[in-house]
Amino acid sequence: MSAMSEAQAGRPRPPLRHRLAERGVDGTLVLLLPAVVVVAGLFVYPFVYGVSISFEPEHGGPFANYTDFFSDPYLSGSILKTLALALPVSVASIVIAAPIAFQARRDFRGRRAITLVLMLPLTFGSILIAQGMQRFFAPFGWANLALEALGLPQGSFLYNYTGTFIATLLTTLPFSFLLMMGFFGGIDRTLENAAATLGASRAARFWRVVLPLAMPGILTAFMLALVESFAVFPSAILVGQPDNATHVLTLPIYQAASQRSDYTAAAAIAIIMTVIELAILGIMVLVRGRLYRGPAGGGKG
Amino acid sequence: MTATTTSLASARSRDGAPGLRGAPGLRGTLSRVTLTAVITWFAALCFVVVLLGVFVSVLVTSFATHWGGTWWPDGLTLDWYRQAIDTPGLARSIVTTFEVGLAVVALALLFGVPAGYVLARRQFPGKSAVMLVMLLPVILPPMTYAVQLAAMMYRIGLGGSLLAVILVNLVPTLPLVILITVPFVEQISPDIESAAKVFGAGHLQLFGRVLVPLLVPGVVAAGILSLVRVLGSFELTFFVSSADTQTLVVTIFGKLSDPGGVSASLTAAMTVFYMVIALIGLAVSLRFSNPAQAFTGAAR
Amino acid sequence: MTTSAPVTAATATTAPTRTSRAHGRTGFQRVQMRGVSRRYGRTPALMDLDLELARGEFVALLGPSGCGKSTALACLAGLQPLSGGSIWRDEERIDTLRPERRGFGMVFQNYALFPHLTVRRNVEFGLAMRRVPRPVRRERAMEALELVQLRDHAEKLPAQLSGGQQQRVAIARALAIDPELILMDEPLSNLDAALRVEMRTEIKRLYQERDLTVLYVTHDQEEALSLATRLVVLRAGRLEQTGTPEQVYTQPASAYVASFMGYRNLFPARVAGAADAGRAVVTTADLMLEGTVQTPAVLPSGAEVTVAMRPEDLAVTADGSGLRALAEVVEYHGRELSVRVRTEQGVVLHVRTDRPVRAGETLGLAIAPERVLVYPGAGEQREAGRERDE
């Protein structure tokens, strides 16, 4: 019976297995499953879970956690304080790191050494940096001793905005550097040579060839640096002024979760932070879409 | 040997005076020393000096008997290290750090390498969605999801346990392993796999005799790079660990943020333990690959 | 090697002048590299190279990879500094001039098109650098694109074009600035065989139509022979031979050059006895051949030599007379057959013939003594073969 209907339909439909295989679905995809399960269970689900508990506050209506946050100027002001920290840090990172990355993209003696030194803060993490800063930038630390020896006025680098700024810069700058060095390395050197043989001066080569090709990399590095420094946490406590100048967005999260054990409020603030970060990433994707984004090579080979 | 030189021989006799034949050096090249380069390298130097100064400060503090407002401490001692070893909990957190690090890396490799292989080789519906979900945990800072994750762990009764610490650290590490594996697989030509199949290798033989040997460098690199990352991971562990399951970084943070706590030198001695471990990891990873991937792998 | 004897005498009387640095065609008569050398660290890439290009010439720099030909080009373009020597445009010394001031056009091996600019703006680039007004710039770019038949693709990005089209854009870009000299660095090596032949004709057409002066780097003898008005063969950073394509093809200066010029039968032998007028009888494995000695020196009997013969110079005799040889492998090449034969003495030779030959057949071979080139020294052909494989 079924054989007849198939014959009547003309060509028999290929079995489901074949149809799926044509689209790339087959047994090999099972290898992907454990990873997907882990990420779904430990990343996607907690996000959903966090959203749901943020609407189940310990006191008040479903939106109480959010209204509490936005009605308290001390709490909501932390958004601006975070931006006031993250934005300058990211700008400074890019402004300092981009030229270094650009100079370092070709191989030279010491490139590996520089890369290694810049890996240190990323390897050690912000806690170790904060700890070292407590000594190095102290009123009696090496930084101020050096300033004194040079005849410069001493600075107050700790337990204020500057302290957190420096601490964040020390990790964000190497991060942007490594990112940009990767991007710039993809820019074909012969393009500059070609521009030179066509009569382009050094400046013209930079503005007309190198910069347009480097722009997507610079933008990506800037936005990722912004997202990273937006979540500054330990250094705001250890070398900043956590109750005032460096009362950044992560601190209300920390206080709600660790000191009040109010995970619903902590989740609400974390979600606010996530939304801002996703907005930054969204802007990045949008702006990058408007730039030239193709290969940075000159052609084949 | 004979050589027919025509116009060249004549060109030679017209050659310039010896003084003109001197090497023009670097003139006329694209890599001249410029003001921009000088400023750039000066900035880089300043940054490196501050960076090393910060780390060396910790190191010197850990050996200092007393260090007031001078360039160098009054005397050096190993006492702080003895005290650090005797501090209750420190040995425990060193052990925990390694337990967590090795477990996370093992799990991440076990799940991540096969997944990376599939993502590098196959096209299937929904692939870009899977890639995006894999990318987000690496791009987003841990603080964005640490609290929700901790809340969930406490809800299901794992809060404070070693298992919870391992699981939360798996979240950024597994995608990192995948992102490092994908380019490694991509550089192995699919023809090699086809060749193995044509010569009669079954699935298991293909995997065991062809893919695994080719992937070993990539797997080792991914493993060590993610180990370095896990050792320094703070936020995720901080929110989910208890006194017994703290890693070294969390213990150090606890000492640092406690105003009436132990002396700076004692904390510094503990930190040096951590620095040494992290440095060994970094040095080993340098032998296998470009460790910068551990921090920038996400951005490609 | 006699070609690279060190220069010692300082016989120049004219002081270097640096007056004009105009772009575009200034009517130079010749560009010269004098004793140019270039080292990378301690490795020499070019040693004491003398090279002159007269206006209107198409010079091909030929040699295997690593022989220094691309380095020579880069030095001339100003992309690499010299370690020694000088470069002159007529009476003006230009080796310290920055590349953007030299006004030479260049076509790169990987095309080096600016990936973020459209085809038209790529071609306009050099004109923009010369501050040519926008409308003129556009017009001249379109003219150059017309020349390479890419007018319709002017608004595309390079990545949207095929390899051959990209290379044509690169050529148009170099032509647009109307350079007095165009440098081409293996421009066709990234193209597939059919396209390569087509583009070769295209380049030759442009050279003839536009009255260009070209220095063309290649490792492909066929390309060099078909394009150039003069060939320059380099070997390990030194000049090996220069001459018209015909001179180099028929009279290679050394076994090394011969190996490049299609002398597939290249083997060591010994002089059995000198004949008159530069002739010598050479022998290898009992095979005796009369050949032409390619050196003015007298080769004593027993001297080690290298013999070079082109497959097409070996003729298959109609009556089976001459050298007896067994056809081992026969390849069909359309109008001709390429046959690998083994002589009675056991020497393997390659022959091209239009006679019908079957494998297993015994043939008679003949070759004119003037087409048997005899070079002193036995190590030559092995070394040449090895360098070519790189």
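Each chain gets a letter, A, B and so on, in the order its sequence line appears, and its residues count up from 1. None of these values were measured; they are calculated from a predicted model.
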Student: Give a yes or no on this: more than 12 heavy atoms of other residues, nucleotides or ligands lie within 6.0 Å of atom CZ of C/Arg39.
Tutor: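 Incorrect, the count does not exceed 12.
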Student: Between CE of C/Met129 and CZ of A/Arg208, what distance do you get to the nearest 0.5 Å?
Tutor: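 With rounding to 0.5 Å, CE (C/Met129) is 3.5 Å from CZ (A/Arg208).
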Student: Take atom CD of C/Gln160 as the centre, draw a 6.0 Å sphere, and report whether it contains more than 12 heavy atoms from other residues, nucleotides or ligands.
Tutor: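 Count over threshold, so yes.
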Student: Please indicate whether C/Arg200 has more than 12 foreign heavy atoms, meaning atoms of other residues, nucleotides or ligands, lying under 6.0 Å from its CZ.
Tutor: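 Atom CZ in C/Arg200 is crowded, with more than 12 foreign heavy atoms closer than 6.0 Å.
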Student: Taking the side chain as every heavy atom from C-beta outward, state whether A/Leu213 and C/Pro115 have any pair of such atoms under 4.5 Å apart.
Tutor: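 They are in side-chain contact.
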Student: Could you tell me which non-hydrogen atom of C/Arg173 sits nearest to which non-hydrogen atom of A/Ala194, and how far apart they are?
Tutor: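 Scanning both residues, the minimum pair turns out to be NH2-CB, 3.5 Å.
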Student: Flag the pair A/Pro212 / C/Leu117 as yes when at least one side-chain heavy-atom distance between them is below 4.5 Å, and no otherwise.
Tutor: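 The answer is no; the side chains never approach within 4.5 Å.
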Student: Can you tell me how far CZ of A/Arg189 sits from CG of C/Asn110, rounded to the nearest 0.5 angstrom?
Tutor: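 Answer for the CG-CZ pair, C/Asn110 versus A/Arg189, is 13.0 Å.
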Student: Name all residues meeting the side chain to side chain contact (heavy atoms under 4.5 Å, CB included) criterion together with C/Ala45; count only those two or more places apart in sequence or in a different chain, and write none if there are none.
Tutor: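 In terms of side chain to side chain contact (heavy atoms under 4.5 Å, CB included), with neighbours along the sequence ignored, C/Ala45 is linked to C/Tyr40, C/Thr71.
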Student: Enumerate, atom names and distances included, each donor-acceptor pair closer than 3.5 Å involving a side-chain atom of residues 88-99 of chain A, sequence neighbours excluded.
Tutor:
from: A/Ser90; atom 1: OG; to: A/Ala86; atom 2: O; distance (Å): 2.7
from: A/Ser90; atom 1: OG; to: A/Leu226; atom 2: N; distance (Å): 3.3
from: A/Ser90; atom 1: OG; to: A/Ser229; atom 2: OG; distance (Å): 3.4
from: A/Ser93; atom 1: OG; to: A/Val89; atom 2: O; distance (Å): 2.9

Student: Do A/Thr197 and C/Phe104 make a side-chain contact, defined as non-hydrogen atoms from C-beta onward lying under 4.5 Å apart?
Tutor: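 Heavy-atom side-chain distance check fails, nothing below 4.5 Å.
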Student: Please classify the contact between C/Leu127 and chain A as side chain, backbone, both or neither, with a heavy-atom cut-off of under 4.5 Å.
Tutor: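 Neither; nothing under 4.5 Å.
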Student: Answer yes or no: is there a side-chain heavy-atom contact under 4.5 Å between C/Glu100 and A/Arg205?
Tutor: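 Yes - at least one pair of side-chain heavy atoms lies under 4.5 Å apart.
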Student: For a quick test of reading the model, state the closest non-hydrogen atom pair linking A/Ala196 to C/Leu79 and the distance between them.
Tutor: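 Residues A/Ala196 and C/Leu79, closest heavy atoms: CB-CD2, 4.5 Å.
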Student: Donor-acceptor pair, distance only, cut-off 3.5 Å: does the side chain of C/Arg101 make one with the backbone of A/Ser201?
Tutor: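 Side chain of C/Arg101 to backbone of A/Ser201, a donor-acceptor pair under 3.5 Å: no, none is there.
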Student: What I'd like to find out is whether the side chain of A/Leu198 reaches to under 4.5 Å of the side chain of C/Phe114, using heavy atoms alone.
Tutor: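 When only atoms from C-beta onward are counted, C/Phe114 and A/Leu198 do touch, with a gap below 4.5 Å.
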